[in-house]
There are 2 protein chains.
Amino acid sequence: MNSTSDEIKDDYNFISEALIDIYDQIMRIEESEIRKSRFKDITAKELHLIHTIGLHDRKTTSEVSRVLKLSKGTLTANLNNLEKKGYIIRMINQQDRRIINLGLTSKGRLLYRAHYAFHRQLVESCLKEFDGSDIRKMRQALVNVEKFIDEVSSK
Amino acid sequence: MNSTSDEIKDDYNFISEALIDIYDQIMRIEESEIRKSRFKDITAKELHLIHTIGLHDRKTTSEVSRVLKLSKGTLTANLNNLEKKGYIIRMINQQDRRIINLGLTSKGRLLYRAHYAFHRQLVESCLKEFDGSDIRKMRQALVNVEKFIDEVSSK
DNA sequence: TAAAATAGTTTGAAATTCAAACTATTTTGG
DNA sequence: CCAAAATAGTTTGAATTTCAAACTATTTTA
């Protein structure tokens, strides 16, 4: 297919606008879907934190606060909430007892998987009409976004 | 190109993970880029509000609070801040004097355009290696995301 | 034209965030 | 070896953000 540079500009505009609006909607819908399930006490932010803690990584509090760009104090408060609600556990690291390793409880792992499944469903439903080569290109476009973000952050 | 169903699954996983992580990073980088410019007093949330108010729409407070899913009280507080900082103006609607129409000041319009330009730059930089037909497909994928969100929200 | 409805603001309470001070532990270097 | 410095995480107090409910002003309804 041939495209004029005007058509491409128009697509760029459309894609820019769509991107600006979509983030927020996805966050909101994630939260509202999760709240319809058995996990009624979870906010979008907590979902994000659960995802960052991950299934098997045993990350430390410092690592997580660095990744999420939250102060250590804020993270401590968030972890207290999730611990009270039974989603995470703190494990004192026996090699270095200053360090707390974070893990998900079985309830936390269920939530992690439900969240992930929802995302997968979104991706599958939106890409099902495309073939393998198209999907590879979409993947590359996302890699490019990450590259762009890295370049801008480090300049 | 042929792709096995395993390769496609792997791409889906990659795309899911990338999507989950990317939102947050874009929000943050948007804020930090804007703060490097003359707009040092603006947060990511305020940027989002400025974008929603838009260049020429004269939206009402209620419309904006519905779109952003903020309570009317919260929006009033946010608008007070942006008004104090000189980015927006409130205009009493002369047909119905209960209604406030919102507009951007010239400073607000400058900020709107700077924000939009940054997004355009991101999109252009990430899509420059693709041809018109590829870009049309990416656009379609975003339309699908919006469709998916609408379906899930309305069910 | 009085009552109901609507648009937006104010209010007070709860939640979230941050930076700085603090506690506990480990590492460093004299 | 041990005191000082560094590090990991928590606590604290203040600032900010958010919400729902009560409120004010205006318009619509019946």
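Letters A, B, ... are given to chains in the order of the sequence lines, protein chains preceding strands, and every chain is numbered from 1.
- For the helix from C/dT1-D/dA30 to C/dG30-D/dC1, the axis fitted to the five pairs at one end and the axis fitted to the five pairs at the other end meet at an angle of 10° (nearest 10 degrees).
- As judged by a 4.0 angstrom heavy-atom cut-off over every strand, B/S71 is placed among the base-contacting residues.
- As a whole-Å value, the separation of B/I99 CD1 from D/dT27 C1' is 9 Å.
- Note on A/L47: it does not cluster hydrophobically with B/M27, by side-chain heavy-atom contacts below 4.5 Å among ILVMFWY residues.
- B/F130 and B/I22 fall within a single hydrophobic cluster, where Ile, Leu, Val, Met, Phe, Trp and Tyr side chains are chained together by heavy-atom contacts under 4.5 Å.
- The nucleotide range of DNA chain C contacted by chain B, defined by atoms under 4.0 angstrom from heavy atoms of the protein and reported 5' to 3', is C/dA5 to C/dT10.
- Using a 4.0 Å heavy-atom cutoff across all strands shown, A/T76 reaches at least one base atom of the nucleic acid.
- Position along DNA chain C of the nearest nucleotide to A/R97 versus A/E46 favours A/E46 as the more 5'-ward residue.
- Among the nucleotides D/dT18, D/dC19, D/dT27, the one closest to the side chain of B/K45 is D/dT18.
- Counting only N and O atoms by type, the side chains of A/N144 and A/Q140 include a donor and acceptor under 3.5 Å apart.
- Between the side chains of B/S71 and B/T74, a donor-acceptor pair is found at a separation under 3.5 Å.
- In the region residues 78-95 of chain B, proximity to DNA chain C at under 4.0 angstrom, judged on heavy atoms, holds for B/R90.
- Mapping A/A77 and A/D96 onto DNA chain D by nearest heavy atom places A/D96 closer to the 5' end of the strand.
- For A/K36 and A/E33, the salt-bridge test passes: some basic side-chain N is under 4.0 Å from an acidic carboxylate O.
- The shortest heavy-atom contact between A/D41 and A/Y87 is OD1-OH, 2.7 Å.
- A donor-acceptor pair under 3.5 Å links the side-chain atoms of B/K59 to the main chain of B/T52, judged by distance alone.
- Where A/L75 and B/I100 meet DNA chain C, the nucleotide closest to each residue was compared, and B/I100 sits on the side nearer the 5' end.
- Under a 4.0 Å N-O distance rule, the pair B/E46/B/K85 qualifies as a salt bridge.
- A salt bridge is defined here as a Lys NZ or Arg NE, NH1 or NH2 lying under 4.0 Å from an Asp or Glu carboxylate O, and B/R136 with A/D10 fails to meet this definition.
- A salt bridge does not link A/E124 to A/K128: none of the charged side-chain nitrogens sits closer than 4.0 Å to a carboxylate oxygen.
- Regarding contacts with the backbone of D/dC19, a side-chain N or O of B/T74 is found under 4.0 angstrom from either OP1 or OP2.
- Counted by atom type alone, A/H119 and B/E17 present zero donor-acceptor pairs between their side chains at under 3.5 Å.
- At a threshold of 4.0 angstrom between heavy atoms, the contacts of B/S65 with the nucleic acid are absent.
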